[in-house]
Amino acid sequence: MTRIPAMEAVVDVLADEGVDVAFGCPGAAILPLYQAMQGRGIEHLVVRHEEGATHMADGWSRTTGKVGVAIGTSGPAGTNMITGLYTAHADSIPILCITGQAASSKLHQEAFQAVDIVEIAKPVTKWAVQVKEAAQLPWIFREAFRVARSGRPGPVLIDLPIDVQKQLIEWDSSIDSALPVSPVLPSPARVERALDMLLAAERPLILAGGGVVLGEASPQLRAVAERLGVPVGVTLMGKGSFPEDHELFAGMAGIQTSQRWANAAFLEADLVLALGARFGDRHTGELSVYRGERKFIHVDIEPTQLGKVFGPDLGVVSDTGAFLDALLSALDGRAAGVRDRAWVSRIGDLKEELPRREDFDSTPIKAPRVFKEINEYYGPDTYFVTAIGLYQIWSGQFQRAHLPRHYQVCGQAGPLGWEIPAAIGVKKARPDAEVVGVVGDYSFQFLVEELAVAAQYDVGFVLVMLNNEYLGLIRQAETGYDMNFQVDIHYDDFGADNVKIMEAYGCSGTRVVDPDGIRSSLEWARKEVDRTHRPVLVEIMIGREDNAAMGAALDSVKEFESA
């Protein structure tokens, strides 16, 4: 077998696993990998911060369903990646972080930029490993992709001492292939029991979580819902898994990202079939209210998720798509038809009775009006990304999504700054698609330097900023402490001039202060992206101390705007 540089074998594996773009920052301890990547068909974008690389890989992965790759050198490059690894781990996103490392013989001597990144990364990865023998390299990379994709997906970190990178190994890529990922299939008996419970319920509800999106199970979800006539609600991570203009759409229940009518519908349900949902605390709120007297069936690909928050009446370990396929097959053996439409009609009535207003014409601009304009202007094929703050909560409450993988949000970890690099990853995955980042003024500044990456590589997308010149979510949280302390970031006229920041990076932007100017600014931004192939900002000045509806329990969400 031919002896080749070990890093060439690694690049062969990356390419064969479907990696066509990587995001990273070269450094001395990772240069053998970069040498092997030259002219090998994997595009590389030089980031301005390694955290940005992880979020780009994250956005790319959420869009493609494949394993995104971020690369950094030793020491601070790896530690800078931890937030991105945590974000991917929390949201079950398969990414691979590759770090350089000091020579193996120097690791015990506190060598320059030598840190035990494997131990640091273990809590926020599915697997973190340092390669000590060069002959293991291709196999460890194959295993990394298998681990990242299997079961509940998630991130992996591989640490590469520079002496290991420089060695020659025996390798023949022509006889190599990806390691198989075993499907997680449900117990037939549990599928039958789940169907018994569904058919016996008077007011059943399907709750679609992020596992439906990750499992590519939206078609099966719709088939089951329509065949049984069961309404479908979504979690924040499940948004887009079921079309929001469908008659059976039951909205999003929760104590923050939710609709009033969806909370009311959830509270009237007598059985919930939860598919790939974690029962996160921003969804459930007070558990005694959330659980109530209703029964729960919990389906999840990861066994340890079952019973983690509360014990379900029935737990099923399965991929969501496989479970729904099995449920449809089980239905074929039953005489059950579509149930009485009273429950579906009831949810339709609640939607009419409990709306939240969005047609505000006042100045300063109200956030719901922004999302009304977004919903009316952008089509269902648009990809959206958003991170954390009041703008994310308003987005969850008012923004509509109709297709899986088109509404992307860092749900559990919630790192500020996620939107710009994530949007770059999305756009690199779907170059012909329209990509829009919904961002707050504070989050915008966390990884704003990644605008330079988008400008350098002609990665065009729109940023819609809701600017209240505040740490808005924390300001609202501080009302419970009867204070408004260290959350006001306003100074001079508008604080930071975000349009000038865009221009400094070779991009463009505009500021909107009147609601009638939103639509025309979105139209301008689309044309400007097409013209420049670079990010374009639409900065919308909203009410400085406006609040979003939220509360401690599903039955006690406080509303702040008139209906």
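For reference, positions follow the sequence shown, starting with 1.
For Asp245, the side-chain contact (heavy atoms from CB on, under 4.5 Å) partners at least two apart in sequence or on another chain are Pro243, His402. Not a single ring-ring contact (aromatic ring centres under 6.0 Å, His included) links Phe444 to another residue, sequence neighbours left out. Shown here are the ring-ring contact (aromatic ring centres under 6.0 Å, His included) partners of Tyr407, two or more places apart in sequence or in another chain: there are none. Arg152 pairs by the side-chain hydrogen bond (donor to acceptor under 3.5 Å, both in side chains) definition with Ser92, not counting sequence neighbours. For Ala77, the side-chain contact (heavy atoms from CB on, under 4.5 Å) partners are Glu50, Thr73, not counting sequence neighbours. For Lys527, there are no side-chain hydrogen bond (donor to acceptor under 3.5 Å, both in side chains) partners, not counting sequence neighbours.
Of the possible polar contacts, none joining the Ser443 side chain to the Val439 backbone as a donor-acceptor pair under 3.5 Å is found. At distances below 3.5 Å, not a single donor-acceptor pair connects side-chain atoms of His49 with backbone N or O atoms of Asn80. Asp58 places no side-chain N or O within 3.5 Å of a backbone atom of Thr54 that could act as its donor or acceptor partner. Judged by distance alone, with hydrogens and angles left aside, the side-chain atoms of Asn263 form a donor-acceptor pair with the main-chain N or O of Gly254 at under 3.5 Å. At distances below 3.5 Å, at least one donor-acceptor pair connects side-chain atoms of Asp441 with backbone N or O atoms of Glu469. Formation of a donor-acceptor pair under 3.5 Å by the Ser150 side chain with backbone atoms of Val181 is not found in this model. Glu376 contributes no side-chain N or O that, together with a main-chain N or O of Arg519, makes up a donor-acceptor pair within less than 3.5 Å. Side chain of Thr532 to backbone of Arg534: a donor-acceptor contact under 3.5 angstrom is found. Ser258 places no side-chain N or O within donor-acceptor distance of the main-chain N or O of Ile255, the cut-off being under 3.5 Å.
At a threshold of 4.5 Å between non-hydrogen side-chain atoms, the residues Leu447 and Glu51 count as touching. Looking only at side-chain heavy atoms (C-beta outward), Val538 and Arg511 stay at 4.5 Å or farther from each other. Contact of the Tyr377 side chain with the Glu523 side chain is registered, since non-hydrogen atoms from C-beta on lie closer than 4.5 Å. With contacts defined as side-chain heavy-atom distances shorter than 4.5 Å, the pair Met465/Asn498 qualifies. The shortest side-chain heavy-atom distance between Val10 and Leu160 does not fall under the 4.5 Å cut-off. Taking 4.5 Å as the limit, some side-chain heavy atom of Thr79 sits within range of a side-chain heavy atom of Ile120. Under the 4.5 Å side-chain criterion, counting only non-hydrogen atoms from C-beta, Gln486 is not in contact with Ile474. In this structure, Ile42 and Val21 have side chains that are not in contact, with every pair of non-hydrogen atoms separated by 4.5 Å or more.
Exactly one of Lys428, Gln408, Lys427 qualifies for a side-chain hydrogen bond (donor to acceptor under 3.5 Å, both in side chains) with Thr63. That residue is Gln408. Screening Gln256, His283, Gln392 for a side chain to side chain contact (heavy atoms under 4.5 Å, CB included) with Leu236, the sole residue that qualifies is Gln392.
In terms of heavy-atom proximity, Arg400 sits nearest to Glu244 at CA-OE1, 3.4 Å. Of all heavy-atom pairs spanning Ser395 and Lys239, the tightest one is O-CE, 4.4 Å. Contact record, Thr235 with Met252: O-CE, 3.8 Å, taken as the closest heavy-atom pair. Nearest heavy atoms, Lys126 versus Ala148: NZ-O, 4.5 Å. Shortest non-hydrogen contact noted between Ala387 and Cys410 is CA-SG, 3.5 Å.
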Using the side-chain hydrogen bond (donor to acceptor under 3.5 Å, both in side chains) rule, take Gln305 and Asp300 through it: C-alpha gap first, then chi angles, then the decisive distance, then the call. CA-CA 7 Å; Gln305 287 294 311; Asp300 203 282; 5.8 Å; no
Could you go step by step and tell me if Ile374 and Val370 meet the side-chain contact (heavy atoms from CB on, under 4.5 Å) rule? CA-CA 6 Å; Ile374 287 174; Val370 177; 4.1 Å; yes
Start with the C-alpha gap between Tyr470 and Tyr442, add the side-chain angles, then the distance that decides, and say whether ring pair (Phe, Tyr, Trp, His ring centres under 6.0 Å) holds. CA-CA 8 Å; Tyr470 255 113; Tyr442 193 54; over 10 Å; no
Take Gln399 and Tyr378 through the side-chain hydrogen bond (donor to acceptor under 3.5 Å, both in side chains) test and state the conclusion after the steps. CA-CA 11 Å; Gln399 193 172 347; Tyr378 292 106; over 6 Å; no
Begin from the C-alpha positions of Ile518 and Ile540 and carry the test side-chain contact (heavy atoms from CB on, under 4.5 Å) through to its verdict. CA-CA 8 Å; Ile518 298 174; Ile540 302 174; 4.1 Å; yes
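Counting only N and O atoms by type, the side chains of Asn547 and Arg475 include a donor and acceptor under 3.5 Å apart. For the residue pair Ser74 / Gln101, no side-chain donor-acceptor distance below 3.5 Å is found, with atom types taken as modelled.
Sorted pairs that involve residues 64-76 and meet salt bridge (charged side-chain N to carboxylate O under 4.0 Å, His left out), not counting sequence neighbours, are lacking altogether. Sorted by first then second residue, the salt bridge (charged side-chain N to carboxylate O under 4.0 Å, His left out) pairs that include residues 67-96, not counting sequence neighbours, are Arg62-Asp91. The stretch residues 11-33 participates, sequence neighbours left out, in these side-chain hydrogen bond (donor to acceptor under 3.5 Å, both in side chains) pairs: Asp12-Arg40, Asp16-Arg142, Glu17-Arg142, Glu17-Arg149. Residue pairs meeting the side-chain hydrogen bond (donor to acceptor under 3.5 Å, both in side chains) criterion with at least one member in residues 444-457, sequence neighbours excluded: Arg48-Gln456. Within the structure, no pair that satisfies the ring-ring contact (aromatic ring centres under 6.0 Å, His included) test touches residues 80-99, not counting sequence neighbours.
Phe23 has its ring centre no less than 6.0 Å from the ring centre of His44.
Remark: Arg369 is not positioned above the aromatic ring of Phe360, lacking an NZ or CZ atom under 6.0 angstrom from the ring centre and at most 45 degrees off the axis.
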Which side-chain N or O atoms in residues 214-221 pair as donor and acceptor under 3.5 Å with protein atoms at least two apart or in another chain?
residue : atom : partner : partner atom : Å
Glu216  : OE2  : Arg405  : NE           : 3.0
Glu216  : OE2  : Arg405  : NH2          : 2.9
Ser218  : OG   : Ser241  : O            : 3.0

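Tyr383 and His406 have parallel rings, their planes meeting at less than 30° on a 0 to 90° scale where 60° marks the start of perpendicular. In this structure, His246 and Phe242 have tilted ring planes: the angle between them lies in the 30° to 60° band. Taking the six-membered ring where the residue is Trp, Phe398 and Phe371 present parallel rings, their angle staying beneath 30° rather than reaching 60°.
Salt bridge status for Glu143 with Arg146: present, with a side-chain N to carboxylate O gap under 4.0 Å.
Within 6.0 Å of CD in Gln35 there are 12 or fewer heavy atoms belonging to other residues, nucleotides or ligands. The 12-atom threshold is not exceeded at CG of Asp281, counting heavy atoms of other residues, nucleotides or ligands nearer than 6.0 Å.
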